[in-house]
Amino acid sequence: MHALLLAMFLVLTVVLAVVSFIISDPASLPSNRVISITADIFGMCLGLVLYLCCGSDTQWDEENLKAFLMLIGTCFVAAFADEYAWLVDGKNYLRIPNLITNTVYYGTTPLMAYSFWRYVVTFLNTRKERVDKWNKIFLTGLVVTVLSIVGNVWFGYYFSVDEAGNYQRAELFSIPLIYAYLMLGMTLLLVIIARKRFQRFQIIALFSYAVVPMAMGVVTVLTYGISLSSAVIMMVLMLMYCVLNVVQSREQNVAENELHLASAIQEAMLPRKFPPYPDRKEFDIHALMDPAKEVGGDFYDFFLIDDDHLAMVIADVSGKGIPASLFMMVSKTLIKTQTIAKMDMDPSEILERVNTQICENNNLEMFVTVWLGILTISSGKLVYANAGHEYPALKHKGEAFALRKEKHSPPLGAIEGIPFRKGEVTLQKGDILYVYTDGVPEASDLEQHLLGTEQMVKILNQSDTEDPSKIDAFVRGKIDEFANGAAQFDDITMLCLRYDGPQELAGKEPEMEAKMKTEEISKDAEITGGEELTVEAEAGNLPKVQSFIEQYLEAADCPPKEMMQIGVAVEEIFVNIASYAYAPDTGEATVRVRVEQDPKCAVITFLDQGKPYDPLSREDPDVSLAAEDREIGGLGIFITKKTMDEVSYEYKDGKNVFTMKKKF
């Protein structure tokens with residue numbers, strides 16, 4: 001609304017300037033005045049166009065936009081004041097308006113120079129503490145200069161208007177220009193110092209703004225009768241807008257597309273199907289992650305190590321953006337790989353091995369806080385390790401939620417070669433575990449008050465349900481109530497588990513007994529020739545598939561990076577087969593692995609006899625869109641195509657055959 005009103009005001013001002021010029025009878029004015037006034041009106045029109053362009057540019061940084069609008073506004077006022085100064089000059093009955101308009105015109109010169117400094121500083125996004133001292137010095141100089149110009153109204157040391165209404169310069173006329181030239185010089189010095197952050201044409205545009213007005217100032221001092229400064233400066237501002245900010249907006253669009261892709265990768269890495277194990281009655285688990293606008297590194301994970309052990313992970317990577325997203329992907333894959341490949345039930349040893357791997361090539365010195373727990377389903381024994389993460393909340397049956405406070409180990413990636421503490425608790429039937437990232441207790445309201453862990457526990461105890469999905473939804477809703485519209489600055493991630501205890505086979509329906517028998521058989525999955533594995537196409541068999549593939553990759557000395565990328569792709573393809581190939585029934589899936597030489601690469605083939613479907617035929621998702629604006633699905637296969645060197649599909653002999661190849 002304010003922007004619309006200001007635009008209307010600028011339009012009316014331009015109209016007023018044009019009408020005033022017409023009423024003044026241009027034919028009776030000297031040609032030099034007509035040229036100057038025309039140039040001023042042209043400059044005002046350019047300023048109006050620039051303002052409208054800036055108002056529609058949604059990619060602009062707010063502080064940088066304010067500085068640029070100040071430049072436009074000051075130049076617009078200068079043009080308007082200069083026009084009226086020419087129109088009223090020489091008219092004794094308009095002596096006071098003549099004095100006022102010239103005073104305003106003089107005052108805009110130092111203000112434009114200071115605004116140019118602020119524009120460059122905000123364009124570079126220079127840290128406040130580094131320029132705060134200089135800002136104070138320059139602002140003080142601006143105030144002193146403007147006050148001296150105001151004082152000229154009474155003392156006339158810069159210019160005066162005589163009784164006949166004629167404008168006359170004084171000997172000290174050029175003094176106010178000293179501040180402006182100093183400011184322009186300091187700004188250009190900053191551009192030179194930070195030249196590596198500009199492209200060549202951007203530097204030329206910035207120098208043009210400084211050099212051209214300085215040249216016009218020299219012309220103004222040496223001559224009197226023609227004033228083109230406002231129009232020329234406005235044209236340079238138009239050049240700056242086109243060269244600097246349009247290019248900056250384009251670069252920002254590219255960066256935002258990359259962030260959308262990073263966010264998409266982040267989302268695709270997380271389990272999203274709930275309930276994940278509908279046939280397992282011993283527990284119920286749910287998790288959610290609500291990412292902030294700026295991509296972070298939160299993640300959760302859970303998977304069956306075998307039929308009696310459930311692993312649960314929640315973590316928070318330091319930093320934001322694409323580096324955090326990639327570090328999250330590596331961390332998640334390493335934790336899962338180390339847990340499944342070694343069939344290790346000791347979270348402290350798992351984190352120790354992962355920490356060693358992360359520290360080996362951690363040139364960016366990033367770290368990740370992790371809570372890793374392994375539940376023995378048959379007994380309720382929960383063994384866990386906490387690497388610098390938030391305290392978990394535990395609710396025993398019939399009791400209230402309470403934080404389980406124990407000493408932390410350092411985050412992964414922080415210190416190499418250290419042991420990690422291990423904790424243990426036995427869950428009873430009906431006990432509920434709630435783990436989360438710092439985005440939950442550090443959620444803030446409009447006044448920057450934090451929710452806090454104490455309030456989070458109170459919210460958990462206000463929930464009247466034992467359903468993990470409803471508990472997560474209840475807490476998330478209460479966070480929104482607390483925030484009251486405040487922006488979310490961190491990912492909000494949580495995982496909730498309810499333990500229902502071991503289930504007795506006796507008394508179950510015949511079909512359940514048959515199902516249990518099938519699961520027993522699946523333990524001894526058929527391995528043909530050491531390169532082929534056949535299992536039931538169920539998500540619970542993913543760890544077996546991953547372990548089978550990883551043992552051949554390790555034997556072939558596959559590097560960790562390529563092994564991680566293959567692991568992500570294997571998870572995507574197998575879970576898709578388990579979820580859709582035979583739905584609502586079930587069937588078998590076969591995985592074949594071989595390692596080729598020259599060039600050395602892993603070739604992995606998936607076969608199933610489910611519904612014919614070519615996943616490569618689907619159009620790639622538009623990752624430039626926000627997650628809520630994208631069509632659901634297709635992201636996982638898109639990531640697989642991007643990370644693998646070759647992918648192919650064929651339907652042969654009644655089977656879907658999907659093959660992917662990764663060089664290493």
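Model, not experiment: these values are computed from the prediction.
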Stepwise side-chain contact (heavy atoms from CB on, under 4.5 Å) check, Thr337 with Leu334: CA-CA 5 Å; Thr337 300; Leu334 286 175; 5.7 Å; no
With a 4.0 Å cut-off on N to O distance, would you call Arg594 and Glu596 a salt bridge? yes
Yes or no on side-chain contact (heavy atoms from CB on, under 4.5 Å) for Ile374 and Ile305, after CA distance, side-chain angles and deciding distance? CA-CA 9 Å; Ile374 296 178; Ile305 303 172; 4.0 Å; yes
In Å, rounded to the nearest 0.5 Å, how long is the span from CG of Leu427 to NZ of Lys429? 14.0 Å
For Pro392 versus Leu433, what's the shortest heavy-atom pair and its separation? CB-CD1, 4.1 Å
On the 0 to 90° scale, with breaks at 30° and 60°, tag the Phe274-His286 ring pair as parallel, tilted or perpendicular. tilted
State, yes or no, whether a side-chain contact exists between Ile377 and Leu304 at a heavy-atom distance under 4.5 Å. yes
side-chain contact (heavy atoms from CB on, under 4.5 Å) evaluation trace for Arg353 with Thr339: CA-CA 10 Å; Arg353 291 196 299 270; Thr339 304; over 6 Å; no
Given 3.5 Å as the limit, does a donor-acceptor pair link the side chain of Thr376 with the main chain of Ser378, or not? no
Measure from the side-chain N and O atoms of Ser547 to the backbone N and O of Pro543, and report whether any donor-acceptor pair falls under 3.5 Å. no
Minimum heavy-atom distance between Leu351 and Ala387, given as atom pair plus value: CD1-CB, 4.1 Å
Looking only at heavy atoms, what is the nearest atom pair of Pro411 and Asn355, with distance? O-OD1, 4.2 Å
Note, Glu571 side chain near Gln546 side chain (heavy atom, < 4.5 Å): yes
Side-chain heavy atoms of Phe658 within contact of Ile577, under 4.5 Å: no
Answer yes or no: is there a donor N or O on one side and an acceptor on the other, between the side chain of Asn461 and the main chain of Phe401, under 3.5 Å? yes
Ionic contact status for Asp472 with Arg476, cut-off 4.0 Å: no
Any Thr437 side-chain heavy atom under 4.5 Å of Glu390 side chain: no
Exam field: side chain Lys281 to backbone Pro278, donor-acceptor pair closer than 3.5 Å: yes
NZ/NE/NH1/NH2 to OD/OE distance under 4.0 Å, Lys397 and Asp431: no
Under 6.0 Å from the CD atom of Glu424, do we count more than 12 heavy atoms belonging to anything else shown? yes
Any side-chain heavy atom of Leu375 within less than 4.5 Å of one from Tyr499? yes
May I ask you to decide if Lys663's main-chain N or O and Asp645's side chain share a donor-acceptor pair within less than 3.5 Å? yes
Crowded around Lys470 NZ? As in, over 12 foreign heavy atoms under 6.0 Å? no
Residues Ser331, Val370; criterion side-chain contact (heavy atoms from CB on, under 4.5 Å); working and verdict: CA-CA 10 Å; Ser331 302; Val370 180; over 6 Å; no
Any side-chain heavy-atom pair of Val440 and Met494 under 4.5 Å: yes
Heavy-atom distance under 4.5 Å between the side chains of Cys601 and Lys662, does that happen here? no
Rounded to the nearest 0.5 Å, what separation is found between the SG atom of Cys496 and the CG atom of Leu288? 10.0 Å
Checking Thr369 against Asp316 for the side-chain hydrogen bond (donor to acceptor under 3.5 Å, both in side chains) test, could you report, in this order, the C-alpha distance in whole Å, the side-chain angles of both residues, the deciding distance, and whether it holds? CA-CA 5 Å; Thr369 66; Asp316 186 3; 5.0 Å; no
Minimal non-hydrogen separation, Ile350 against Gln338, with atom names: CG2-CB, 4.1 Å
dist Asn541:CG -> Phe548:CZ (nearest 0.5 Å) comes out at 13.5 Å
Give a yes or no on whether the backbone of Glu447 and the side-chain of Asp445 come within a donor-acceptor separation of less than 3.5 Å. yes
Please confirm whether the backbone N or O of Val435 pairs with a side-chain atom of Tyr391, one donor and one acceptor, at under 3.5 Å? no
Evaluate the criterion side-chain hydrogen bond (donor to acceptor under 3.5 Å, both in side chains) for residue pair Glu406 and Tyr384; output intermediate values, then yes/no. CA-CA 11 Å; Glu406 295 175 336; Tyr384 56 87; 2.7 Å; yes
Do any N or O atoms from the side chain of Ser318 and from the backbone of Phe367 form a donor-acceptor pair under 3.5 angstrom? yes
Rounded to the nearest 0.5 angstrom, the OG1-CG distance for Thr453 and Asp438 is 11.5 Å
What pair of heavy atoms forms the shortest contact from Thr605 to Thr659, and how long is it? OG1-OG1, 3.3 Å
For the CZ atom of Phe327 and the CZ atom of Phe299, what is their distance to the nearest 0.5 Å? 9.5 Å
Minimal heavy-atom distance between Leu446 and Gly485, with the atoms involved, is CD2-C, 4.1 Å
Distance (rounded to the nearest 0.5 Å) between Tyr277 OH and Phe303 CZ: 8.5 Å
State, yes or no, whether a side-chain contact exists between Asp301 and Leu270 at a heavy-atom distance under 4.5 Å. no
Is it true that Lys478 and Asp480 have a side-chain N and a carboxylate O under 4.0 angstrom from each other? no
We want to know whether Thr465 and Asp467 form a side-chain donor-acceptor pair, criterion being a heavy-atom distance below 3.5 angstrom. no
Within the distance-only criterion (no hydrogens, no angle test), does the side chain of Ser463 pair as donor or acceptor with the backbone N or O of Ile459 below 3.5 angstrom? no
Donor-acceptor contact below 3.5 Å, side chain Arg498 vs main chain Glu466: yes
Which residues share a ring pair (Phe, Tyr, Trp, His ring centres under 6.0 Å) with Tyr434, sequence neighbours left out: Tyr436
Between Lys422 and Glu349, is the closest basic N to carboxylate O distance under 4.0 Å? no
Can you tell me if Asn386 and His389 form a side-chain donor-acceptor pair at under 3.5 Å? no
